[in-house]
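The structure appears below as structure tokens.
Note: hydrogens, waters and symmetry copies are ignored here, and every other heavy atom, side chains too, is used.
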Amino acid sequence: MVRAIEPAGERKPRASHIEAVDSRHVTQMMEQLQQGYIKSVAATAGLAVEVVPVDVYGYDVRLIRPPRDHTDEESAVLAQLKCTTQIVPDPTREFFSYQFTKRQYFDHLAKARKYPKAILIVMTAPQRQADWTEVTHDGLWTKRSCYWVSLEGTQADPSVKKPTVRIPTKNRVDADALTNILDKIDRGESLND
């Protein structure tokens, strides 16, 4: 069973360490960057992305795979999106730690769910906003990556206001990862394996 760990300490407000193009809108730009990444990877996997317009339930997008034929149902997974410039995952390590800014974000993901299942997707981005993407003749490059984890069944001490969780570095979000997540959901398998 996955367990949330105690927070290592308080972090600075998000915008204080970012070299932003316009600091008044950096949070919205981080959301837009991550949505663009997720939409691009989902398109490669043949999935639709439905942005949840009101953050009432703690989820930002729903990833939907159309049915394989007219007798099947579509598959879907909910995702809470987080973007940070404070983490640079080391691919030689098994995981990196991410601290939630609010307990409720963790609680939404940790509860047992029947369907649809839910995952956390954390994007890491450079601290300098102008470095988030690069355009060459070969394509558009998004700097750094998104990583996913299922927190269903995760435990955290009730007194912890900002739980910290471990994100496996092997869980990069790409087309194969999204396909495998939805395949597991279709088969009724745990996403924690």
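Val88 and Met30 fall into different hydrophobic clusters, where Ile, Leu, Val, Met, Phe, Trp and Tyr are joined by side-chain heavy atoms under 4.5 Å apart, directly or via other members. Both Val51 and Ile38 belong to a common hydrophobic cluster when Ile, Leu, Val, Met, Phe, Trp and Tyr are linked at side-chain heavy-atom distances under 4.5 angstrom. Tyr115 and Leu182 fall within the same hydrophobic cluster, where Ile, Leu, Val, Met, Phe, Trp and Tyr residues are linked whenever their side-chain heavy atoms come under 4.5 Å apart, directly or through other members. No continuous path of ILVMFWY side-chain contacts below 4.5 Å connects Ile64 to Trp148, so the two sit in separate hydrophobic clusters.
For Glu94, the CD atom is loosely surrounded, since the number of other residues' heavy atoms within 6.0 Å does not exceed 12.
Salt bridge absent: Asp176 and Lys170 never bring a charged side-chain N and a carboxylate O closer than 4.0 Å. Of the charged side-chain nitrogens involved, none lies within less than 4.0 Å of a carboxylate oxygen, so that Asp72 and Arg65 do not count as a salt-bridged pair.
Among residues two or more places apart in sequence or in another chain, the salt bridge (charged side-chain N to carboxylate O under 4.0 Å, His left out) test is passed with Glu189 by Arg187. Every residue two or more places apart in sequence or in another chain was checked for a salt bridge (charged side-chain N to carboxylate O under 4.0 Å, His left out) with Arg172, and none qualifies.
Ring centroids of Tyr147 and Tyr98 are separated by 6.0 Å or more, keeping the two rings apart.
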- Give the intermediate values and the outcome of side-chain hydrogen bond (donor to acceptor under 3.5 Å, both in side chains) for residues Thr92 and Asp90. CA-CA 5 Å; Thr92 66; Asp90 179 350; 2.6 Å; yes
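Taking the six-membered ring where tryptophan is involved, the planes of Phe100 and Phe106 are perpendicular, since the angle between them exceeds 60° and thus also 30°.
A donor-acceptor distance shorter than 3.5 angstrom exists from the side chain of Lys117 to the backbone of Arg113, with no hydrogens or angles considered.
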Please list, one pair per line, the donor and acceptor atoms closer than 3.5 Å that link side chains of residues 119-128 to other protein atoms, with sequence neighbours excluded.
| residue | atom | partner | partner atom | Å |
| --- | --- | --- | --- | --- |
| Arg128 | NE | Glu19 | OE2 | 3.3 |
| Arg128 | NH1 | Asp131 | OD1 | 2.8 |

